[in-house]
Trainee: 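Let me give you the structure first, and then I'll get to my questions.
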Amino acid sequence: MTTIEAPPQTLAPRIVVLDPADGTVVTDRPAATDAEIASAVATARGAAPAWAGTAAAERGARVREAADLVAARAEDLARLVTREMGKPLGDARGGVEAAVGTLRQYAELGPVHRGRSLAGGPDATDLMVYEPRGVVAAITPWNDPVAVACGLIGAALVTGNTVVHKPSERTPGTGALLGEILAGALPPGVLTTVCGGADAGAALVAQPLDLIAHVGSTATGRAIARAAAGTGAKVLLENGGSDPLVVDETVDPAWAAEQAALGAFANAGQICVAVERVYVVREVAYDFLSALVERAQALRMGPGSDPSTQLGALVDRRLRDEVHRQVSAAVADGARALCGARVPDGPGAFYPATVLAGCTDDMAVVREETFGPVAPVVTVGSFDEALTRAARSPYGLAATVLTMDMDRARRAWRELPVGTVKINAVFGGAPGGAAHPRRGSGQGYGYGPELLDEMTATKAVHVGVGRGR
Ligand code: NAD
């Protein structure tokens with residue numbers, strides 16, 4: 001067993017991923033060179049006309065077959081996700097299942113994605129028709145690597161685009177395996193996977209692309225938008241958040257703590273819509289905090305491969321250092337660590353579920369995204385104050401409000417400047433729901449049926465009546 005405790009080598013010609021549970025090498029593979037990336041884009045460009053000219057029903061059938069192939073290899077994918085990024089195996093299986101469901105959904109929706117006919121002059125024909133954009137770069141993160149990639153790839157392919165996928169350098173083995181599986185159902189060149197780090201991503205977005213779909217951090221999203229301004233590619237960004245949870249005095253504080261624990265600690269806090277900051281009204285703050293600490297301390301931390309694990313390791317020590325830096329800075333500025341907040345001894349990148357009381361909005365742990373199992377709690381005087389402070393953020397991904405007061409619920413969903421508002425549930429939502437993230441959290445639809453609109457360009461057609469000779 002080789003044990004090396006070092007971050008992934010993003011700049012080296014090879015990408016090395018260590019199992020965050022024990023530090024052993026899981027993946028060691030070459031990173032794509034700039035020439036290979038240019039060649040992948042040229043291949044996608046070459047394959048584009050034939051794929052765009054394929055009947056939509058046939059494209060749907062290919063994507064459905066791709067879903068079946070992913071389903072057949074679900075266990076291999078899930079195990080590799082757990083080994084590369086640490087999440088409990090049950091959660092990794094759930095991510096692959098979600099990916100299969102999304103591919104199947106797009107396989108059905110693609111062929112019925114339709115344009116419009118318009119009411120023009122009585123003799124004219126006026127249409128709005130959808131066409132593929134061309135070559136799409138899908139650039140994805142590691143926190144739910146199969147589900148996120150399959151959403152972008154499925155929607156792009158079924159609408160007639162060819163795709164170059166760049167998975168995260170933290171889950172390159174998963175990305176490469178997924179690419180191989182999907183390609184088994186597709187004509188050559190329609191989907192290419194290129195592995196590499198930020199430099200490979202930057203080389204990809206410098207290429208002549210028609211659309212860049214990025215799911216990842218806000219800083220990267222902004223770098224991609226800058227690059228795309230130079231090439232003219234359309235950009236879709238699903239980026240980071242600092243999602244608030246508001247708890248008012250009308251709810252049971254023990255139930256609110258259960259919701260907060262789920263939102264802050266699931267996937268060890270490595271979810272874009274994780275609870276990032278909690279505003280609790282003073283009247284229930286003590287009971288809420290006590291129950292939250294109890295839940296945090298009850299979580300069983302361990303390797304993702306152990307079925308009893310509830311809190312897996314963070315993806316790597318680089319992220320753990322960042323999380324601990326934010327927690328320590330908050331404590332230095334007056335926050336009280338009620339539990340956690342300590343880097344454990346031993347191998348891997350574990351970090352305990354952490355509850356911080358007495359936080360303020362200017363602390364990085366509240367203001368910024370903390371991609372770890374941390375619940376920073378701010379005690380406020382009233383629901384109004386909570387709502388005002390929840391709205392004040394450089395991000396606008398999602399927010400949750402726990403209240404039994406209908407008027408407060410209505411005000412929350414109307415007033416919060418975010419893409420998704422959840423009342424009385426930190427996670428969930430009906431199938432097909434899609435939202436526009438706001439501010440630093442991105443732009444455009446990143447999922448749902450509306451992603452098919454983003455992946456296509458609309459052409460207006462006017463056919464008049466000619467006069468023959
Ligand atoms: P990241 O932006 O660092 O990496 C994501 C991808 O971008 C990787 O493939 C990476 O190699 C690539 N990349 C990095 N620099 C690049 C550059 N200059 N040009 C082109 N590509 C580049 O993000 P991450 O750390 O992998 O993922 C965590 C982040 O993703 C969190 O902020 C999380 O909130 C966000 N996220 C958002 C959503 C959403 O739907 N809004 C979903 C999942 C994750």
Side-chain angles (χ1 to χ4, degrees), residues 7-11 15 17 31-32 34 37 84-85 87 95 98 102 137-152 164-172 174-176 178-179 193-207 209 212-228 230-231 233 235-243 267-276 314-316 318-319 322-323 368-372 394-398 418-420 429 433-448 451:
Q9 301 300 301
T10 54
L11 293 175
I15 324 170
V17 177
D34 287 3
I37 289 166
E84 285 197 320
M85 60 72 65
K87 74 165 72 187
T102 306
I139 302 180
T140 56
W142 48 267
N143 59 329
D144 197 359
V146 182
V148 172
C150 283
L152 295 179
V164 178
H165 175 217
K166 201 206 78 64
S168 168
E169 59 274 33
R170 281 158 151 164
T171 49
T174 304
L178 177 66
T193 305
V194 292
C195 289
D199 48 346
L204 177 57
V205 298
Q207 291 290 316
L209 299 161
I212 304 166
H214 171 251
V215 180
S217 68
T218 298
T220 300
R222 296 218 157 125
I224 288 174
R226 280 193 295 274
T231 66
V235 180
L236 278 184
L237 301 174
E238 294 292 318
N239 294 156
S242 179
D243 291 4
N267 203 24
Q270 303 164 120
I271 302 180
C272 55
V273 290
V275 166
E276 294 285 334
L314 294 183
V315 67
D316 57 24
R318 177 159 59 99
L319 179 63
E322 171 62 19
V323 168
E368 294 302 328
E369 184 176 53
T370 308
F371 229 44
Y395 300 97
L397 196 56
V418 299
T420 302
H436 281 152
R438 317 276 171 93
R439 301 173 174 167
S441 295
Q443 60 190 44
Y445 288 110
Y447 46 94
L451 180 54

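For ligands, and for the atoms within them, numbers begin at 1 and follow the listed sequence. The structure displayed is predicted, hence computed values, not measured ones.
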Trainee: Is any side-chain heavy atom of P437 closer than 4.5 Å to a side-chain heavy atom of N239?
Mentor: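 Side chain of P437 against side chain of N239, heavy atoms only: no contact under 4.5 Å found.
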
Trainee: Give the protein residues with at least one non-hydrogen atom closer than 4.0 Å to an atom of ligand 1, ordered by chain and number.
Mentor: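 Within the 4.0 Å shell of ligand 1, which is judged on heavy atoms, sit I139, T140, P141, W142, N143, K166, P167, S168, E169, R170, G197, A198, G201, A202, H214, V215, G216, S217, T220, I224, E238, N239, G240, C272, E369, F371, L397.
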
Trainee: Any donor-acceptor pair under 3.5 Å linking the side chain of D243 with the backbone of V275?
Mentor: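 It does not hold such a pair.
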
Trainee: Can you name the side chain to side chain donor-acceptor pair (under 3.5 Å) partners of E322, sequence neighbours left out?
Mentor: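 Applying side chain to side chain donor-acceptor pair (under 3.5 Å) to E322 gives R325, Q326.
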
Trainee: Any donor-acceptor pair under 3.5 Å linking the side chain of T420 with the backbone of A398?
Mentor: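 It does not hold such a pair.
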
Trainee: Mind telling me whether H436 and Y445 have parallel, tilted or perpendicular rings, with 30° and 60° as the class edges?
Mentor: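 Geometry flag for H436 against Y445: tilted rings.
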
Trainee: Answer yes or no: is there an ion pair linking E84 with K87, defined by an N-O contact shorter than 4.0 Å?
Mentor: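 Looking at K87 together with E84, the answer is no, because their closest N to O distance does not fall below 4.0 Å.
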
